[in-house]
Amino acid sequence: MPEAPDFLPKSSLYPVQKTNRASVNPLFGAQFLSSLPFSKHRSGVKILAVPPNNTMGVTVGKTMQQLVAEQLKQKPDSVFVFPTGNTPLSGYQALRDMGKQGEKLDWSQSKVFHLDEYVPPQSGMPQQLESYATYMKRELLDHIGAEAFLVKDYLRDPSAYDAAIFRQAPDGPDMVILGIGKNGHIAFNEPGSDAKSQTRIVDLTDATVKQNFGEFGVNTVQEAKQQGFPTQAMTLGMETILKAKTIVLLATGEASKGDVLRKALDPDSPPHPSIPASYLKNHPNVYVVTDFTV
Ligand code: GLP
């Protein structure tokens, strides 16, 4: 068995139940997966458990970096969909640092889409808020040389964004990375979204306004309207997300996210629109990277 990379716990220190190799992404060879703290959840998803408090330098983001790097090495023309938010920041940093540390990944054949965007995308108004396009460029796109597709360029016709994805990846994106909202949203598929929902413009909920703009003192849709913050967003639909060959869900942070993740993965409840993340149980190849106990 190969040595685990430094940032990952040695399996003897962090014992996990091994899963059936036949059910995992064939791109992630047994050798690669045996270096990760990998187990099968009763819901069917695969859990990559990061020790709480990020001990031993292990982080959700660094595990994301490992999965992305492996995907790209195995399939250089991979079509990715990436998220924004705080959760993936350390993953993007780790991907950028690979370039600096001489292990440069070759992104030249890959295509990168992102999950969602405010409507209208904010570029300086209000000044504190940046568009997701700005975030994606700063954190990843400006550093890697991949062909990039930005949601903001498709706001007039959201279905054209799906069409662009399926032109690049007729069978669905190779890898979609997701965060999770405290209300169980995926991208901006808010509670109530159908599993067949299409890429579209949605109204934000109070819960999401509070989660995303609370740091600016904006806690409700009404306050967002009054203060010029966006109250709508464009989101990749659940249907497109669920067509991905591999889905990676990143979950870390406040305890309420752990609560909603546990509900989403409850093997005894069928997927339900009240928690869009629960649809992931119906997908055959989901990795949940988390430091919550699930
Ligand atoms: C936003 C985004 C989601 C993201 C979520 C979690 O609402 N629309 O795509 O996954 O927030 O963000 P964070 O990682 O900052 O908790």
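Whatever order the structure lists them in is the order used to number ligands and atoms, beginning at 1. Heads up: numbering here begins at 1 and tracks the sequence.
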Ring centres of Y154 and F113 under 6.0 Å apart? no
Are F149 and Y161 close enough that their ring centres sit under 6.0 Å apart?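 Between Y161 and F149, which both carry aromatic rings, the centre distance is not below 6.0 Å.
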Pairs meeting criterion ring-ring contact (aromatic ring centres under 6.0 Å, His included) with involvement of residues 262-285, two or more places apart: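 Checked against ring-ring contact (aromatic ring centres under 6.0 Å, His included) - neighbours excluded - no pair reaches residues 262-285.
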Scanning both residues in full, the closest heavy-atom pair of D77 with D174 reads O-OD2, 4.2 Å
Between Q71 and T246, a side-chain donor and acceptor under 3.5 Å: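 Absent: no donor and acceptor within the cut-off.
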Between ligand 1 and the protein, tabulate every N or O atom pair separated by less than 3.5 Å, reporting distance only.
{"residue": "ligand 1", "atom": "7 (O)", "partner": "H185", "partner atom": "NE2", "Å": "2.9"}
{"residue": "ligand 1", "atom": "7 (O)", "partner": "N212", "partner atom": "ND2", "Å": "3.2"}
{"residue": "ligand 1", "atom": "8 (N)", "partner": "D116", "partner atom": "OD2", "Å": "2.8"}
{"residue": "ligand 1", "atom": "8 (N)", "partner": "A187", "partner atom": "O", "Å": "3.2"}
{"residue": "ligand 1", "atom": "9 (O)", "partner": "D116", "partner atom": "OD2", "Å": "3.1"}
{"residue": "ligand 1", "atom": "11 (O)", "partner": "Q211", "partner atom": "NE2", "Å": "3.4"}
{"residue": "ligand 1", "atom": "14 (O)", "partner": "N86", "partner atom": "N", "Å": "3.3"}
{"residue": "ligand 1", "atom": "14 (O)", "partner": "T87", "partner atom": "N", "Å": "3.0"}
{"residue": "ligand 1", "atom": "14 (O)", "partner": "T87", "partner atom": "OG1", "Å": "2.5"}
{"residue": "ligand 1", "atom": "15 (O)", "partner": "N86", "partner atom": "N", "Å": "2.8"}
{"residue": "ligand 1", "atom": "16 (O)", "partner": "K257", "partner atom": "NZ", "Å": "2.6"}

Are the side chains of I201 and P158 in contact, using a 4.5 Å heavy-atom criterion? yes
